[in-house]
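Both ligands and their constituent atoms are indexed starting at 1 by order of listing. All residue numbers refer to positions in the sequence shown, counting from 1.
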Amino acid sequence: MESLVRDTIESRVHSVLAKIRSATEKAGRPAVSVRLVAATKTVAIPQIMEGVQAGLSILGENRVQEALAKVPALKQGLVQWHFIGQLQRRKVRSVIGLFDLIHSVDSLELAREIDRRAGDAGHRQDVLLEINIGNEPTKAGFLPEQVRQAMPEMACLSYVRIRGLMAIPPPTADPDSARPYFRKLNELARMIDAQHFPSVKMEELSMGMSGDYEVAIEEGATLVRVGTAIFGARHV
Ligand SMILES: *Cc1c(COP(=O)(O)O)cnc(C)c1O
């Protein structure tokens, strides 16, 4: 049967926001506890604008070069930008002040470099620590056992404010198979909280993408990063 609703960016934004609301409610969590980060890699500015007009308020970019062009064009009103891609140390200087949150701090060296550059700019940078939750050899991120060892030093960095964890679980055939990874990330956050570093608060769990964000919400996600379900398949 042909759908009566036209398939547009606007209709997809509304549909994703509605699914987030219902998954949040089903999980017995307050509506404000989950926010949508629209992943905008390879998406052109007019399309992103369409999404913002439809109700997107947080945009997530993966590549520094792309972000440098997009952020100034779209940084208006209540729109927030987050950095969600792999961040090279030599690019850190150009991202300080550009992003409200960096989701992808994947090493102690990167955390130190952000601290140094943010310090130079007199700016405190909010970050999440990226965890290689499936222990995949080719994937970036702290291994779960590494992060707890690195915490004491990271917690002492003056200009890096650690607000939570992020993960991209191994690809799974169905959303429910991602659940154990989401649960494990949540448990890791609770363990870090139990270490009681005064400067560290595990308030955010960035997990869940187009295929599995509803399951991630059931397991405690506070930020879901969704691209394809809003902007369509990427061709680049
Ligand atoms: C592209 C991307 C997403 C969104 O993925 P979709 O499957 O298109 O929703 C989420 N997180 C990161 C880090 C990404 O690079």
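Proximity to R234 (heavy-atom distance under 4.0 Å) selects the following atoms of ligand 1: 1 (C), 8 (O). Annotation for ligand 1: atoms under 4.0 Å from non-hydrogen atoms of V226 are 9 (O). Remark: ligand 1 atoms within the under-4.0 Å shell around heavy atoms of A39 are 3 (C), 4 (C). Those atoms of ligand 1 that come under 4.0 Å of a heavy atom in I168, given as number and element, are 13 (C). Close approach of ligand 1 to N62 is summarised as follows: ligand atoms under 4.0 Å from at least one heavy atom of the residue are 14 (C), 15 (O).
Aromatic ring pairs are classed by plane angle as parallel below 30°, tilted from 30° to 60° and perpendicular above 60°; the pair W81 and F99 is perpendicular.
Closest protein heavy atom to atom 1 (C) of ligand 1: K41 NZ, 1.3 Å. Looking at atom 11 (N) of ligand 1, its nearest protein heavy atom turns out to be R225 NE, 2.9 Å. Among all non-hydrogen protein atoms, the one lying nearest atom 10 (C) of ligand 1 is M209 SD, 3.1 Å. The protein heavy atom nearest to atom 9 (O) of ligand 1 is S210 OG, 2.5 Å. Looking only at heavy atoms of the protein, atom 13 (C) of ligand 1 is closest to I84 O, 3.4 Å. Nearest protein neighbour of atom 8 (O) of ligand 1, counting heavy atoms only, is T228 OG1, 2.5 Å.
Side-chain contact of R161 with S199: a donor-acceptor pair under 3.5 Å is absent, judged by distance alone. Judged purely by distance below 3.5 Å, without hydrogens or angles, the side chains of E61 and T40 pair a donor atom with an acceptor atom.
A donor-acceptor contact shorter than 3.5 Å links the side chain of E66 to the backbone of T42. Side-chain atoms of N186 come within 3.5 Å of backbone atoms of E219 as a donor-acceptor pair (strictly under, hydrogens ignored).
The residues D176 and R179 are annotated as salt-bridged, a charged nitrogen and a carboxylate oxygen being separated by less than 4.0 angstrom.
Within the structure, the closest approach of H103 to ligand 1 does not fall below 4.0 Å when heavy atoms are considered.
Checked by distance only, ligand 1 and M166 stay at 3.5 Å or farther apart across all their nitrogen or oxygen atoms.
Follow the hydrophobic side-chain contacts under 4.5 Å out from V37 and you never reach L17; the two are in separate clusters. Cluster annotation: V52 is not connected to I58 through the hydrophobic network of ILVMFWY side chains, with a link wherever side-chain heavy atoms come within less than 4.5 Å.
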Practice task
Dump the intermediate steps for salt bridge (Lys or Arg N to Asp or Glu O under 4.0 Å) on R183 and E187, then the final yes or no.
Solution key: CA-CA 6 Å; R183 192 165 289 176; E187 285 164 3; 5.6 Å; no
